[in-house]
Amino acid sequence: MKAKAISIHSSRGGTGKTVIATNLAMIMAGKGMKVALLDLDFRAPSLSMVFSKAIESPVRFWLNDFLNGECTEKQVMIDVSKIYSLEGKLLIGLSNPSIEAIRNIMGKSSSWEVTAVKKLFSLLSSLFNDMKVDCCLLDTSPGVQYSSINSAVSSDLTVVVTTLDSLDLKGSENMLLDLYDALERRSVVLVNKYSPESRVLKGKRSESVASSVEGILKHPVIGMIPCFCDVLQRERASIMAIEDPKHPFVKSLEEVAEKLDHLLSI
Amino acid sequence: MHFAVLKMAAEETNSKLEALLAKNLSLFQTISQQLDLLININEKILETQKEFLQGVSRRPDNGIPPDTLSLLTLPLSLRKTVMVLYKLQKATAEGISEETKRLRGVESAAANQLVRMGYLKKTRQGRKVYFYIESPVEMKK
């Protein structure tokens with residue numbers, strides 16, 4: 001795969017963006033790729049919790065600091081490859097979860113966002129050119145917010161994660177049309193927590209469900225991840241690709257990773 | 001006999017003149033209709049230009065560069081140029097056109113339009129003119 005940035009976004013919260021982004025990053029790095037994972041959900045950061053066990057010393061620099069010009073691209077990235085014994089490499093950039101940092105980011109002006117998107121481009125350029133990263137995954141905040149739009153603008157591809165809930169589908173439809181199509185960004189859909197027992201699509205095969213979703217959202221569906229009760233019951237901070245790599249959830253994501261690889265190499 | 005010939009000739013000339021006048025009248029009517037049509041077209045062009053200028057002049061504040069949300073208020077032709085400049089940071093019209101795959105002249109026009117709108121800045125280095133988005137926030141070194 002040529003060095004690419006993939007944004008993981010959704011119209012509403014709770015669709016599984018962070019779980020998908022984290023596990024995709026682990027799967028790719030497990031296969032020998034050099035991967036970066038950025039937490040761009042500044043209002044509800046969660047990657048610092050997901051990787052809390054992997055980070056021994058206190059985080060020196062957050063992505064917030066980088067966007068404020070307080071550290072360099074290399075200083076903000078943390079290498080967690082050895083802790084997970086990955087064949088490849090995984091670098092993570094974390095967002096500061098403290099209330100003070102969240103309050104600070106909420107008070108930023110639109111002028112600051114102009115600098116932020118330029119800094120994001122410079123971080124991606126450094127990741128690809130200096131740190132030789134193959135793929136960068138950007139975990140964004142849900143809905144239309146500066147951090148998610150900045151992420152979409154700077155990415156080569158956006159994966160819009162949705163469930164089959166009608167509110168999710170409607171939100172995704174609006175976002176794909178009014179945002180991604182308007183900005184001419186390449187985007188695909190990933191259906192998560194798919195249940196064959198879903199009220200809307202009961203009795204349909206997953207292929208026909210996927211084509212129904214494609215009909216509604218007018219964008220290709222790259223995967224249908226079934227809903228697994230045991231995944232939902234786990235801690236959201238747990239990383240399935242590490243803890244239970246043979247789980248069907250991980251297998252579904254491996255297929256998604258392959259499709260992304262194929263899509264981005266075209 | 002001589003009078004009768006003259007009368008006939010006069011009548012013939014009269015009828016020819018009448019026919020000519022009728023033809024001229026019809027011609028003038030056609031010209032008048034075409035002029036009305038042209039006036040209508042011009043009015044429509046003026047209305048469209050006015051709407052376009054109102055659209056492109058909408059921005060959050062005077063001189064503030066475009067954030068990613070305000071990109072959506074720009075016409076697509078200008079939006080593309082700004083998005084490339086986010087990536088390249090600073091580029092000539094030729095550099096922008098290499099990314100957008102549009103003609104250099106198109107990019108030059110779009111970038112200069114964005115400069116007039118206060119969204120971009122431009123600077124000359126030798127013979128080359130570079131366009132860039134000015135960072136409104138001072139970065140710490």
Side-chain angles (χ1 to χ4, degrees), chain A residues 5 7 9 40 61 64-73 75 104-105 107-126 128-129 138 140-141 143-156 158 174-175 177-186, chain B residues 55-91 95-102 106-107 110-111 114-115 117-123 130-141:
Chain A
S7 188
H9 193 197
L40 295 181
F61 292 113
N64 313 51
D65 304 319
F66 172 74
L67 295 184
N68 279 325
E70 287 160 10
C71 67
T72 65
E73 287 85 353
Q75 284 174 321
N104 187 278
I105 214 105
K108 295 290 187 192
S109 65
S110 59
S111 316
W112 182 86
E113 297 294 345
V114 177
T115 311
V117 72
K118 287 171 77 179
K119 292 286 287 177
L120 189 55
F121 268 110
S122 113
L123 177 58
L124 289 173
S125 167
S126 177
F128 295 142
N129 300 319
L138 297 91
T140 68
S141 50
V144 180
Q145 290 186 40
Y146 274 114
S147 63
S148 48
I149 299 170
N150 289 353
S151 164
V153 165
S154 54
S155 301
D156 300 286
T158 298
N174 291 342
M175 210 170 65
L177 179 73
D178 297 337
L179 186 65
Y180 291 104
D181 288 355
L183 292 172
E184 293 192 312
R185 307 315 292 167
R186 197 176 175 197
Chain B
V56 296
S57 63
R58 213 180 297 133
R59 56 183 168 178
D61 276 306
N62 273 350
I64 289 182
D67 55 73
T68 44
L69 266 177
S70 70
L71 274 183
L72 295 168
T73 63
L74 288 172
L76 183 61
S77 55
L78 301 181
R79 201 182 298 160
K80 272 188 176 179
T81 308
V82 180
M83 276 166 49
V84 167
L85 276 170
Y86 274 135
K87 185 182 172 186
L88 301 178
Q89 313 269 329
K90 192 174 179 183
I96 302 169
S97 76
E98 277 168 21
E99 285 282 326
T100 60
K101 312 287 178 210
R102 297 191 297 195
V106 172
E107 288 310 338
L114 286 160
V115 170
M117 289 160 66
Y119 279 147
L120 298 185
K121 296 273 177 194
K122 69 175 175 181
T123 177
Y130 288 87
F131 297 93
Y132 62 97
I133 301 167
E134 192 180 41
S135 291
V137 180
E138 278 299 312
M139 305 308 300
K140 293 175 189 172
K141 298 287 172 192

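Proteins get letters first, then strands, A, B, ... in listed order; numbering begins at 1 in each.
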Could you walk me through whether A:Glu113 and A:Lys108 pass the salt bridge (Lys or Arg N to Asp or Glu O under 4.0 Å) test, one step at a time? CA-CA 7 Å; A:Glu113 297 294 345; A:Lys108 295 290 187 192; over 6 Å; no
Given that the side chain runs from C-beta out, which part of A:Gln145 has a heavy atom under 4.5 Å from chain B: side chain, backbone, both or neither? neither
Which atoms of B:Leu69 come close to chain A, meaning under 4.5 Å heavy atom to heavy atom: side chain ones, backbone ones, both, or neither? both
Using heavy-atom distances under 4.5 Å, tell me whether B:Ile133 contacts chain A through its side chain, its backbone, both, or neither. both
Passing option when A:Ser151 is tested against A:Leu40, A:Val117, A:Thr158 for side chain to side chain contact (heavy atoms under 4.5 Å, CB included): A:Leu40
Against the six-membered ring of B:Tyr130, is B:Lys90 placed for a cation-pi contact (under 6.0 Å from the centre, within 45° of the normal)? yes
Under 30°, 30 to 60°, or over 60°: which ring-plane class applies to B:Tyr86 and A:Phe121, parallel, tilted or perpendicular? parallel
